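Encoded as structure tokens, the structure appears first; notes follow it.
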2 protein chains.
Amino acid sequence: MSGILQALREQQHHMNPKEQILAQFILEHAHEAVHLSITELAGRSGTSAATVSRFCRSLLFKGYGDFRMKLAAELVQPVPAKPSYQDIVAGNTLHSIAQAIETNHLRSISDTTRQLDLTEVQRAVDALHDARRIDLYGMATSGMVAYDCQQKLVRIGKMAQHWADSHMQITSATSLGEGDVAFAFSYSGETPETLDALLCAKERGATTISLTKFGANRISQLADIRLYASSLEEGMRRGDMASRIAQLHVVDILFTALLSLHFDDYVPLLEQSFQEVKKYRKEKGR
Amino acid sequence: MSGILQALREQQHHMNPKEQILAQFILEHAHEAVHLSITELAGRSGTSAATVSRFCRSLLFKGYGDFRMKLAAELVQPVPAKPSYQDIVAGNTLHSIAQAIETNHLRSISDTTRQLDLTEVQRAVDALHDARRIDLYGMATSGMVAYDCQQKLVRIGKMAQHWADSHMQITSATSLGEGDVAFAFSYSGETPETLDALLCAKERGATTISLTKFGANRISQLADIRLYASSLEEGMRRGDMASRIAQLHVVDILFTALLSLHFDDYVPLLEQSFQEVKKYRKEKGR
DNA sequence: AAAAATGGTGAAAATTATTTTCTTCCTCAT
DNA sequence: ATGAGGAAGAAAATAATTTTCACCATTTTT
């Protein structure tokens, strides 16, 4: 708790009645208050503009404008020590929600990077580079990650396919073979549809890669190359938000590593696909 | 270099003469500028108050007050301790790649949270809550974000649709009307397909929301409610990796806010959809 | 080359925000 | 009871901001 708010809290009880109300309102709605004009603030807090103005001056600010500016400056101060994962419940303020989600995401990314096994990353990169064909499996949220990965791979000329449909996943896995790669995305590591497809691919001789939460799970057990996205506190209700960010983070690292290690093979292709999209749009007359 | 100043620097050369002078002055005297009234700033920079006001609005701030506040908030944050965005080139070690990507992602999330306008978030949440039907537009990487958002909305019983196909986007937009919401995702803010769809939706009377990079761009100009994901250094080749994370971050905040503010409406639905998927799998004998 | 349209600009008007003054009302001590 | 003192809002005064409008310069059209 920093300067101004702290001061308000301490001095609150030595203030005039209306000023106490005002102080209370500001303490409870600080982030909202800085966006309000003096008249609006007066209205919202049940006081008058004159009172607010006096209030600010009695706190030795130059006026309402000065007060608001200083308060705003104080409120952007970053959270000091990064707290751990936070759950989200009813009735939180927007600010605390934004803060909590930020914390979760930052933590997810840090944790994921920290526990990433670069040897496994290297093996995954090699497998992807050498792959004839790449199949990507994932359902729901993890399906999105798989799709993201597919987009990236296609842009550098890889034969990569993602099937959102679980039947198609299996169908496609059936036609894999030696020299192909099957990449399974599943945060829980237990998603049956994904597991089935991966199993099928493995039986056909494809190299299997998994990206799951950290810890033992059936999908990573099955995989030749195992990547992990940081695991969240249990009990997190909407854990899939942070896990998705963490998974994408791993995909980004994988893809960037692939690019960097085989720069001359891929970057021209990437550049080219970018230019072609631009050209195509021009031709359509935009 | 963070949001506003960065945007000023990038856009400076596409501005009117007087605005360039003004931008230059602000870039050189940022810390002084936030303490000046609009008239003082106009005097010091050799322009007029009217020009300053227009300048702020053309940058899509709500006015000079809004601009000053946001700028002040930004300046409080000193030079970040964390290293700034990093580009990725050939021949890096895996470790430095992982490190660089982590840095980029962490920065993106922090910056995005910091510059989020919670009033706009609130408005977006209200619009989504009240919406009869929600259309989500986005191409390529931003299409993924749109899809992610759709998944979330559908899980809480909203009629939400995302079209990856640009023709379908327009077709769908045509049938929107009063009380519906159109939500456009585009990092550049200039994607023609997305712009067209949003324009069409707006003409039909739908409420429009945009999620773009920070700074003036055609899509956010068109939108009733404007959300921004932090803007990266220019020249970042694979900037869309970090931007995608930042956009998802905003989607998470939006969605969580929606849940938290209407807890009783939505959480049972969410819980239910989760249970149903589980049950469905059991029935299939897993 | 002239005319018309467009766009940038500042002066002034209109609007809005903030501060000060003035008045009322309340409390408390005499 | 009464008046001193102070709290608080109404209204007035001041200041700041935004919008309108007229002007000029530039570009485009005829």
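Below, chains carry the letters A, B, ... as their sequence lines are ordered, and counting in each starts from 1. Worth saying up front: this structure is predicted, and the values here are computed from it rather than measured. Basis for what follows: all heavy atoms, side chains included, without hydrogens, waters or symmetry-related copies.
A/Arg57 comes within 4.0 angstrom of the backbone, heavy atoms only, and of no base. Note on A/Ser48: a base of the nucleic acid sits closer than 4.0 angstrom, heavy atoms only.
Atom pair A/Asp66:CG and D/dA16:C1' shows a separation of 16 Å (rounding to whole Å applied). One interatomic measurement links the two molecules: OH of B/Tyr64 to P of D/dT19, which rounds to 16 Å at whole-angstrom precision. The distance between atom CZ of B/Phe55 and atom C1' of D/dT17, rounded to the nearest whole Å, is 16 Å.
In this structure, B/Asp224 pairs ionically with B/Lys202, as a charged nitrogen and a carboxylate oxygen lie closer than 4.0 Å. Using a cut-off of 4.0 Å between Lys/Arg side-chain N and Asp/Glu carboxylate O, B/Asp111 and B/Arg114 are scored as salt-bridged. A salt bridge links B/Asp117 with B/Lys70: at least one charged nitrogen is closer than 4.0 Å to a carboxylate oxygen. Between B/Asp180 and B/Arg133, none of the side-chain N atoms (NZ, or NE/NH1/NH2) sits under 4.0 Å from a carboxylate O, so this pair counts as no salt bridge.
Inspection of the B/His249 and B/Thr113 side chains reveals an N or O donor paired with an N or O acceptor under 3.5 Å. Between the side chains of A/Gln20 and A/Asn16, no donor N or O sits under 3.5 Å from an acceptor N or O. Side chains of B/Gln12 and B/Gln24: a donor on one and an acceptor on the other come within 3.5 Å.
Qualifying ring pair (Phe, Tyr, Trp, His ring centres under 6.0 Å) partners for B/His162, counting only residues two or more places apart in sequence or in other chains: none.
Closest of all the heavy-atom pairs between B/Met15 and B/Ala23 is SD-CB, 4.0 Å.
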- Message: Would B/Ser186 and B/Thr191 count as a side chain to side chain donor-acceptor pair (under 3.5 Å) here? Give the steps.
- Response: CA-CA 6 Å; B/Ser186 165; B/Thr191 319; 2.7 Å; yes

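For the segment residues 12-20 of chain B, the set of residues with a heavy atom within less than 4.0 Å of an atom of DNA chain C comprises B/Asn16, B/Pro17, B/Lys18, in numerical order. Residues from residues 28-42 of chain A lying near DNA chain C, meaning a heavy-atom separation below 4.0 Å, are A/Ser37, A/Ile38, A/Thr39 in numerical order.
Aromatic ring orientation, A/Phe67 versus A/Tyr64: tilted (interplanar angle from 30° to 60°).
Which of D/dT17, D/dG9, D/dT19 sits closest to the side chain of B/Ala50 comes down to D/dT19.
On the nucleic acid side, DNA chain C has its first and last nucleotide under 4.0 Å of a heavy atom of chain B at C/dG8 to C/dA11, going 5' to 3'.
Stem regions annotated for DNA chain C: C:1-30 with D:1-30, counting only runs of 3 or more consecutive pairs of Watson-Crick or G-U type with both contacts under 3.5 Å.
Contact between the side-chain N/O atoms of A/Thr51 and the OP1/OP2 oxygens of D/dG9 is found at a separation under 4.0 Å.
Sorted by first and then second residue, the salt bridge (Lys or Arg N to Asp or Glu O under 4.0 Å) pairs with a member in residues 18-37 of chain A read A/Glu32-A/Arg44; sequence neighbours excluded.
Within 6.0 Å of atom CZ in B/Arg68, more than 12 heavy atoms from other residues, nucleotides or ligands are found, so the atom counts as buried in its surroundings.
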